[in-house]
Each structure stands twice: as C-alpha cells, then as structure tokens.
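Counting from 1, the numbers follow the sequence of the chain as shown.
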Amino acid sequence: MKLIKKILPVFMFVLIIFGLTGMGLVLEEKTYSSTEKRELQTRPKAKIKTIKNGKFQKKYEDYLSDQFPGRDEWVKLQTLVSRLSGKKESNGIYFGKDHYLLEKYTEEDFAGEKENIEALAAFVERACKRADVKVMMVPTKTWILQDKLPAFAPTYEESIFYDMLEKQLGEDGGEVLIPVYQVLQAHREEDIYYRTDHHWTTLGAWYGYSAYVEAVGGDMEKVLEKKDFELVCEDFYGTGYAKVNQASQPDNIYIYEPETTLEVIYNMGEKTTRSLFEPEYLKSKDQYRVFTGGNQAVLEISGGVDNGKTLLLIKDSFANCMVPFLAEDFEKIIVIDLRQLNIGCDDLMDMFIPTDVLVLYNTAQFAGDRDFVMKSK
C-alpha cells in the first residue's frame, strides 16, 4: 500500500503529461482564437537559421502555449485561482475598480518606442512638404484611467513616450501633434474606454475626432451634430476579457452611421459596400469587428463632401471606430494598415497623392509595431 501511495502521484503526473501531449498531436491546430481575438501560433518549421538565432525556440514555446488542449478553461481556472488568492492581476490584466479590466504595461512593452518615433518623425518631415500632416497617439486605457487601477499597481509612465515624441517632432511638433491625451484626460469620468477591451469607445473616438477637426480648423458645429450614436450591442466582451476569460459586466457598442451614402472598396477591389459596418460580427465572439470588418489592409472610401481633398489615414485598430466620423469630411479617404501591407509610407504618398495625412495609433501598439520602422522609410 505504501508503495502504491508513492507511485500513484508519479503515475498520475506522467499520465497527464503524455495525455495532454497526445491530445495536442491528435487535435487539429487552430489558427485563430475567437475568445482571445488573435492569431494563434501554429507549429513552426525547424530551420538551421531560425534555430541559431533563437526564433524557432520562441515560436515553438508560443506554439505549445497557444495549442494547449482546453486552453480557454485553463485560463479561466488560472484567473479564478488568482482572484481567490487575492492577486490584483492575472495574465497581464489588472482587476480594476468599477468592473474595469486594465492591461498591465511595462518598459518592455514600449521597448521599440524610440526607434519607431524617430522613424515617424522622419516620415512626417518628408510628408509635410506634400500634404497637411497630423499625428494622433491615443494613450492606453490604463494610463488615462489610473484611478481605476488597484492600489499600488505599477504601470508604464507614458509621459516618457509623449516627451520623446514631442522632442523628435521638433519645432513643427505643435502644429503636427494633436493633444488627444489632454482631451481624453479631461473626459476620463465618461465612458471613453471599454471596461473589457483595450480600445476606446465610439464616444472616446468622437472626442479624438473633435480634437482633429479643431486642429485642422474645421467646422466644430458639424462635429457636435455627429454626437448621435446608435446602440448596436449590449453584450460585448473584449480583449481584456479574452486574456482572463472572466468579467462581471459586459460593454455596450455604439456606432455613428454617416448620413452620406458612401462607397467603400475593400483591399483594392476585394469587395465594395455602402457601409463602414459589418453587422454580422455582432453575433460572433469578435464583435469589435463590426467596425469595417476588422483591420483591413486598404480601404478606399468615397462619397463624402465634394472638396477635392484626399486623406491618407495610416493607422492601427483604434482608428476603426473613428473612420465613420471622418468619412463625410473628405472627398476620398484611403485607410491603410501597414501591418497588412508590404509597401512603404512614401510609396503610398506617391500612389494616392493625398492632400492630408493622419497617423493614428495607440501608444502601446505603436511602440510594439516591429514593422513600422521598415515601412515608414
């Protein structure tokens, strides 16, 4: 009996390890997680070059994590254990006040900020010779809503990012950089960010849009007229929820539907629609994709005001819910996601010859964009 008691834990451990390994080999690989709203790492191919530089090992580690059998339930269990043990965060998410789930950012998350900011400043200098250029860097929810953080919870000092950005943009920075940080800070008591997602809400995007219109000397009365949103979803669970698989209160999604009849061409002719919204995603687990169907490589939007102006919008996902506000203000808008393209910013300027340029990113996503330096040259 004593021998069985000694052997049983070892036997169970080996059974679990080999059982999970076997399941991992048998089960079909998943390429996308609708729960976590991201692409999953599939089994990487071993090459001498990637083994030597360590990329294969890193990808294989991510592969084992992403393809782990029953991953979603394990994440939920991990969150439950963390909360029961009194921890303030789990899987990089703080459990904040008023049901907010806030991303935990560190210096490592902003490691690429210097190089990217220098590349951005160089592109802005070149582009300003050809168009009216503006830059909008949207602060993270965690930085703006610090009052929602658990007591003594550390987070990255984003003022470092903004100081570096202003310094690199130089004397023209005051004309180029839109003070969206100050605008959002002034309205932090309103629902400008989702509770369960890292994006700003349609209201937050409207404040960003109003700051842009003011910066370019536009009609602020028309901006106020657009503060008219339609509720389309009451059970949205976003990226913060995806990382912990737990939330006590869902979010609402509102949209602004332009009154103008638009023509929207996806990805150089892939499809053409009359709307900037894809309502079918409201029935999926990735409801934020209701805005333009998610991140598209190229969107060409026409049908706005007949003023001869073309806006080149270089952006990440934070711009998706702001595009409808901009759509009526230009004769044409070209929306570009550099992560989906193998073409540089200068080539885009040559291709579309814009009168106006707006670079719109979230600070953390911009700092972590490893392709920006290469594509902004």
Side-chain angles (χ1 to χ4, degrees), residues 37 136 138 180 183-184 187 190-197 199-214 216 218-238 250-267 270-307 309-313 315-337 356 358 360:
K37 300 172 178 59
M136 183 183 295
V138 184
V180 69
V183 173
L184 294 176
H187 295 277
E190 301 175 45
D191 292 331
I192 56 175
Y193 289 94
Y194 293 109
R195 283 175 169 79
T196 68
D197 192 83
H199 291 101
W200 56 2
T201 62
T202 296
L203 176 61
W206 179 84
Y207 280 119
Y209 166 69
S210 65
Y212 173 77
V213 173
E214 184 174 8
V216 298
D219 188 341
M220 296 305 293
E221 288 188 10
K222 289 186 177 179
V223 172
L224 292 173
E225 291 173 2
K226 294 183 182 183
K227 198 177 182 182
D228 181 19
F229 313 145
E230 176 187 353
L231 176 64
V232 295
C233 178
E234 297 181 273
D235 59 352
F236 172 49
Y237 291 98
D251 284 298
N252 294 331
I253 294 180
Y254 290 86
I255 66 171
Y256 168 74
E257 185 76 69
E259 295 182 1
T260 307
T261 301
L262 303 172
E263 180 181 69
V264 185
I265 302 174
Y266 282 69
N267 301 320
E270 180 181 290
K271 71 174 183 178
T272 301
T273 71
R274 295 291 182 183
S275 174
L276 290 164
F277 302 102
E278 300 285 348
E280 64 269 20
Y281 285 109
L282 294 174
K283 299 177 183 179
S284 73
K285 287 187 177 181
D286 201 354
Q287 294 153 309
Y288 188 76
R289 292 184 70 180
V290 68
F291 299 105
T292 70
N295 293 320
Q296 309 296 329
V298 183
L299 286 178
E300 297 178 64
I301 306 165
S302 57
V305 61
D306 186 13
N307 59 5
K309 288 189 173 184
T310 296
L311 172 68
L312 176 63
L313 173 57
K315 60 87 183 180
D316 65 9
S317 57
F318 267 67
N320 294 357
C321 61
M322 185 169 145
V323 169
F325 296 119
L326 293 164
E328 298 169 302
D329 297 351
F330 294 87
E331 191 167 313
K332 192 170 188 178
I333 299 182
I334 309 298
V335 184
I336 298 293
D337 192 323
D356 297 77
L358 173 59
L360 195 165

Does some side-chain heavy atom of Met136 sit less than 4.5 Å from a side-chain heavy atom of Met322?
yes
Return yes if some donor-acceptor pair links the side-chain N/O of Trp206 with the main-chain N/O of Val223 below 3.5 Å, else return no.
yes
Are there over 12 heavy-atom neighbours, none belonging to Glu221, within less than 6.0 Å of that residue's CD?
no
Among Val216, Val323, Ile333, Ile301, exactly one meets side chain to side chain contact (heavy atoms under 4.5 Å, CB included) together with Leu311. Which residue is that?
Ile333
Using modelled atom types and a 3.5 Å cut-off, is there a donor and acceptor pairing between side-chain atoms of Thr201 and backbone atoms of Asp191?
yes
Flag for Glu331-Asn307: side-chain donor and acceptor within less than 3.5 Å:
no
Roughly how far apart are Lys226 NZ and Ser210 OG, rounded to 0.5 Å?
11.5 Å
Residues 253-266, side-chain donor-acceptor partners within the protein, below 3.5 Å, at least two apart:
residue : atom : partner : partner atom : Å
Tyr256  : OH   : Glu328  : OE1          : 2.9
Thr260  : OG1  : Glu328  : OE2          : 3.4
Tyr266  : OH   : Glu278  : OE2          : 3.0

Search all heavy atoms of Ala327 against all heavy atoms of Leu276 and return the closest pair with its distance.
CB-CD1, 4.0 Å
Looking only at heavy atoms, which two atoms of Tyr207 and Ile192 are closest? And how far apart?
CD1-CG2, 4.0 Å
Tyr288 and Cys321 have their tightest heavy-atom pair at OH-SG, 3.8 Å
Heavy atoms from other residues, nucleotides or ligands near NZ of Lys309 exceed 12 (cutoff 6.0 Å)
no
Sequence neighbours excluded, the answer for ring pair (Phe, Tyr, Trp, His ring centres under 6.0 Å) partners of Tyr212 is none
NZ-SG distance between Lys283 and Cys233, expressed to the nearest 0.5 angstrom
12.0 Å
State whether the number of non-hydrogen atoms from other residues, nucleotides or ligands found under 6.0 Å of Lys271 atom NZ is greater than 12.
yes
For the student: nearest non-hydrogen atoms of Thr292 and Gly294, plus distance
OG1-O, 2.9 Å
Please walk me through it: do His199 and Tyr194 pass side chain to side chain donor-acceptor pair (under 3.5 Å)?
CA-CA 6 Å; His199 291 101; Tyr194 293 109; over 6 Å; no
Work out which heavy atom in Glu190 is nearest to a heavy atom in Leu203; give both atom names and the distance.
OE1-CD2, 3.8 Å
Less than 4.0 angstrom from a charged side-chain N to a carboxylate O is my criterion; do Lys332 and Asp356 meet it?
no
CA sep, side-chain torsions, deciding dist, call: Leu313, Ile334, side chain to side chain contact (heavy atoms under 4.5 Å, CB included)
CA-CA 6 Å; Leu313 173 57; Ile334 309 298; over 6 Å; no
Verify side chain to side chain contact (heavy atoms under 4.5 Å, CB included) between Val213 and Asp219, making sure each step is shown before the conclusion.
CA-CA 7 Å; Val213 173; Asp219 188 341; 5.7 Å; no
Is Asp337 reaching over with its side chain to a backbone N or O of Asn295, donor-acceptor style, under 3.5 angstrom?
no
Establish, from distance only, whether the side-chain atoms of Gln287 and Asp235 form a donor-acceptor pair under 3.5 Å.
yes
Flag the pair Val335 / Val298 as yes when at least one side-chain heavy-atom distance between them is below 4.5 Å, and no otherwise.
no
To the nearest 0.5 Å, tell me how far Thr202 OG1 sits from Asn252 CG.
10.5 Å
Residue pair Phe277, Leu282: steps toward the side chain to side chain contact (heavy atoms under 4.5 Å, CB included) verdict:
CA-CA 10 Å; Phe277 302 102; Leu282 294 174; over 6 Å; no
Let me see the working for Phe330 and Val305 under side chain to side chain contact (heavy atoms under 4.5 Å, CB included), right down to the final yes or no.
CA-CA 6 Å; Phe330 294 87; Val305 61; 5.7 Å; no
Minimal heavy-atom distance between Val180 and Gly208, with the atoms involved, is CG2-CA, 4.1 Å
With heavy-atom distances below 4.5 Å as the criterion, would you say the side chains of Asp251 and Tyr193 are in contact?
no
So for atom CD, which belongs to Glu280, do other residues, nucleotides or ligands contribute more than 12 heavy atoms lying within a distance under 6.0 Å?
yes
Taken in chain and number order and not counting sequence neighbours, the residues that satisfy ring pair (Phe, Tyr, Trp, His ring centres under 6.0 Å) with Tyr209 are Phe325
Does the side chain to side chain donor-acceptor pair (under 3.5 Å) test come out yes or no for Asn267 and Gln296, once each step is laid out?
CA-CA 7 Å; Asn267 301 320; Gln296 309 296 329; 3.2 Å; yes
